[in-house]
There are 4 protein chains.
Amino acid sequence: MPRTEEQFHEIRERSKTQILNSSLKLFAEKGFKGTSISDIAKDAKISKGLIYNYFESKTAIVEAIYLHLLNEMQRMMEPIYELKDPSEKLQRIVMDTVKYTSENKDYWKLYLNFMLQPSPVKFEEVLNPKFFQKFFLEFEEIFTDAGVKEPKNMAYEFAAILDGMQMHILFMDNLYPLKEIQNYILNKYSKKELKKKK
Amino acid sequence: MPRTEEQFHEIRERSKTQILNSSLKLFAEKGFKGTSISDIAKDAKISKGLIYNYFESKTAIVEAIYLHLLNEMQRMMEPIYELKDPSEKLQRIVMDTVKYTSENKDYWKLYLNFMLQPSPVKFEEVLNPKFFQKFFLEFEEIFTDAGVKEPKNMAYEFAAILDGMQMHILFMDNLYPLKEIQNYILNKYSKKELKKKK
Amino acid sequence: MPRTEEQFHEIRERSKTQILNSSLKLFAEKGFKGTSISDIAKDAKISKGLIYNYFESKTAIVEAIYLHLLNEMQRMMEPIYELKDPSEKLQRIVMDTVKYTSENKDYWKLYLNFMLQPSPVKFEEVLNPKFFQKFFLEFEEIFTDAGVKEPKNMAYEFAAILDGMQMHILFMDNLYPLKEIQNYILNKYSKKELKKKK
Amino acid sequence: MPRTEEQFHEIRERSKTQILNSSLKLFAEKGFKGTSISDIAKDAKISKGLIYNYFESKTAIVEAIYLHLLNEMQRMMEPIYELKDPSEKLQRIVMDTVKYTSENKDYWKLYLNFMLQPSPVKFEEVLNPKFFQKFFLEFEEIFTDAGVKEPKNMAYEFAAILDGMQMHILFMDNLYPLKEIQNYILNKYSKKELKKKK
DNA sequence: CATGAATGAGGTTTCATTCAT
DNA sequence: GATGAATGAAACCTCATTCAT
């Protein structure tokens, strides 16, 4: 008697997740090219062949991870758009970034990898200079809303701080004084401090 | 007519430099694993075999580049130590970083690569969390010298801004408003502004 | 309600036939090696696993088809032996060959495949030079019966025409002027024409 | 001191030929899919890797062989166009076909393979029904020139005899009474015999 | 010093076959 | 009887490295 549709679905999901988890970890650690299908299979405790039951190719795996990552970024940003107060928005972005980065280091390492090398082609549509600019423009709007004197410059500074912190969190691991720095930055973008920049 | 010692030496240096230049460019573009010896030979317009006359292995090439990079960083930092005024020091670091990054994008992309992946092993002695911490401590000293209230936090913020800017310069290429942002940051660490933080 | 023996038998036969049909089609189209068990399962709208319920291996499938093919050839030839008149025999062979070929192109393509490559070993006992020779000898006998001057040569010519036509029917598909050529050839082996060769 | 351009060229040609020879033999014997790169390397007494120094892929090898084959066919047909007398033309075609087939069995086996399966795609432009029709039309013209009664039918018969003989030569190897049959067929298309068909 | 042909280990991918359900 | 997930051997292909010249 064959398994039910449902049982098969569950098995498939479990294996797929297992493959994605191992891949994410290894890609983040050793890069896309530095990770072999064998490595993934070993880590996921399955056979090499099975991977191709779930993904068309090694590239397809990294694409799946990448899409997931973009979705997550989207989901992270959404609640922020609903906030009204500029200061709150900025602080929330800082908090989310710190939280997200420290909780998903592998994802972000992979993200950096994606930006550094156009290996699995396809991504350029998103990970390109224009994509960044859009972010900067959104930040600039927030600072404009806040009525500060140099919204554009502050936006770029803000973005630099965010990305710089991310890097430090990724590379320094537990040595990074996360809470302390976060609080310092949060204060920097508090209503009180923003007012001084008007 | 046999060539003189000197001529040999010159040829050697020229070829070696050519190999290093091509390697740097390609590693930065496609990563270490993504670049083949063939690629390098083609770009350097020499034969594959010749590369092994100058370098023991592909790894040896990347190590040479890496050491060169570290030296450059050292050389960049040296004149800074001779400066006395904290503000001048910080401003000089900012200027040098911007200058250096925008003029040597390939180096810095490769540097990021090194940090992201421990491919050609050996580097861990330098590119590790402790290495970063040392930088942060040096920055902290400068801010302490400047007599600001929260030297540690400001040091981390400073480092974040530097690294964040670097990333943006690397990834946004000509779209990045280099001068504008640099000036803004320079002003942020001017004597006048620093005084406000005391 | 348990199925009756008969029902089981029927199911078995139906599935088996389905597998054989799909296999024949695909083997003819893409060759034995070029057809995967997956392909067959998909075409037969059953699961890969089920195929192994009916056949021990991929090779066993092709063997089954092959045996079926030989039987058909046999069955096709039998009524011919009962004919007495040489001309009638030859004409009947021509007609049957044309009919059979155009109605079972897949079988004949596969047959050619078998001859071209000894992939699934076993067949050599039949599809070998000697096997052909036997055919030629039988043809020669017919021509001898007909009393023609060069029975052996005519037998070889006859065989060549048959096999050549087969190839053309297979490869030219509907572009081949089947009826026209058949009539021409039939006339060539009519009593009247054969008499001229005496 | 490196080898001269010329030396390299010679080495390359030798290896390439070696690979093509082995490939042709094996493809003819076991089919394209049935022959592995390992098989070819072993037969050519070189390493697997080297094959890719000369051909981009397994498919590229078969394409090279195929193009060579088409060229040869072309070259074989050319001198025939210069003959004026229809009988001479037909006889020459018969002789060339027999000669060419028996001397290059592997090529023709492969050719049949190509027609049977569209494996390495690309070829359809040539090996298709229309391609055959063109041949038939050319034959028809010759028979029309000869002034026979049914030029089209005779053209198709002629083509069938040619292809049928080819098959028999290929499959019966030395058992085939080559000379005998050839002479019989040659006589069939002699001026004297053709005259009878007017 | 310089060349590129040649090797072979290892990477990606395919697929016949097995097996738990 | 039936399913498709899972395996692993073997296929195609890449590439760092060696070597004869």
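Letters A, B, ... mirror the listed sequences (proteins, then strands); counts begin at 1. This structure is a prediction, so every number in the text was calculated from the model and none was measured.
- Under the rule for a side-chain hydrogen bond (donor to acceptor under 3.5 Å, both in side chains), D/Lys58 has no partner lying at least two apart in sequence or in another chain.
- Here A/Glu13 pairs with nothing under the salt bridge (charged side-chain N to carboxylate O under 4.0 Å, His left out) rule; sequence neighbours left out.
- Within residues 4-15 of chain A, the residues that place at least one heavy atom under 4.0 Å from DNA chain F are, in residue-number order, A/Phe8, A/Ile11, A/Arg12, A/Ser15.
- Within 4.0 Å (heavy atoms only), A/Ile51 reaches no atom of the nucleic acid at all.
- A straight line from NZ of B/Lys42 to C1' of E/dT3 spans 15 Å, rounded to a whole angstrom.
- One can place CD of A/Gln18 at 14 Å from C1' of F/dA6, the figure rounded to the nearest angstrom.
- Five base pairs at each end of the helix from E/dA2-F/dT21 to E/dT21-F/dA2 define two local axes, and these are offset by 10° (rounded to 10°).
- Residues satisfying the ring pair (Phe, Tyr, Trp, His ring centres under 6.0 Å) criterion with A/His9, sequence neighbours excluded, are absent altogether.
- When each of C/Lys45 and A/Lys45 is assigned the nucleotide of DNA chain F with its nearest heavy atom, C/Lys45 is the one assigned upstream, toward the 5' end.
- The side-chain hydrogen bond (donor to acceptor under 3.5 Å, both in side chains) test applied to B/Asp39 returns B/Lys30, B/Ser36, not counting sequence neighbours.
- Shown here are the ring pair (Phe, Tyr, Trp, His ring centres under 6.0 Å) partners of A/Tyr107, two or more places apart in sequence or in another chain: A/His68.
- Protein atom CG of B/Asn53 is 18 Å distant from nucleotide atom P of F/dT21, rounded to whole Å.
- Under the rule for a side chain to side chain contact (heavy atoms under 4.5 Å, CB included), the partners of D/Ser47 that lie at least two apart in sequence or sit in another chain are D/Leu50.
- Nucleic acid contact for B/Tyr54: sugar-phosphate only, since backbone atoms but no base atoms lie under 4.0 Å from a heavy atom of the residue.
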Derivation of the side chain to side chain contact (heavy atoms under 4.5 Å, CB included) call for A/Tyr54 and A/Leu20: CA-CA 10 Å; A/Tyr54 296 101; A/Leu20 287 172; over 6 Å; no
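- Put simply, CD1 on B/Ile40 is 8 Å from P on F/dA16, counting in whole angstrom units.
- The side-chain hydrogen bond (donor to acceptor under 3.5 Å, both in side chains) check on B/Lys105 picks up B/Asp173, with sequence neighbours excluded.
- For the pair C/Ile46 CD1 and F/dA2 C1', the interatomic distance rounds to 9 Å; values are reported in whole Å.
- For C/Lys25, the side-chain hydrogen bond (donor to acceptor under 3.5 Å, both in side chains) partners at least two apart in sequence or on another chain are C/Asp43.
- Within the 4.5 Å cutoff, side-chain heavy atoms of A/Ile65 are placed close to those of A/Ser23.
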B/S/- along nucleotides 9-15 of chain F (protein heavy atoms under 4.0 Å) is -BSSBB-
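- For D/Gln7, the side chain to side chain contact (heavy atoms under 4.5 Å, CB included) partners two or more places apart in sequence, or in a different chain, are D/Arg3, D/Thr4.
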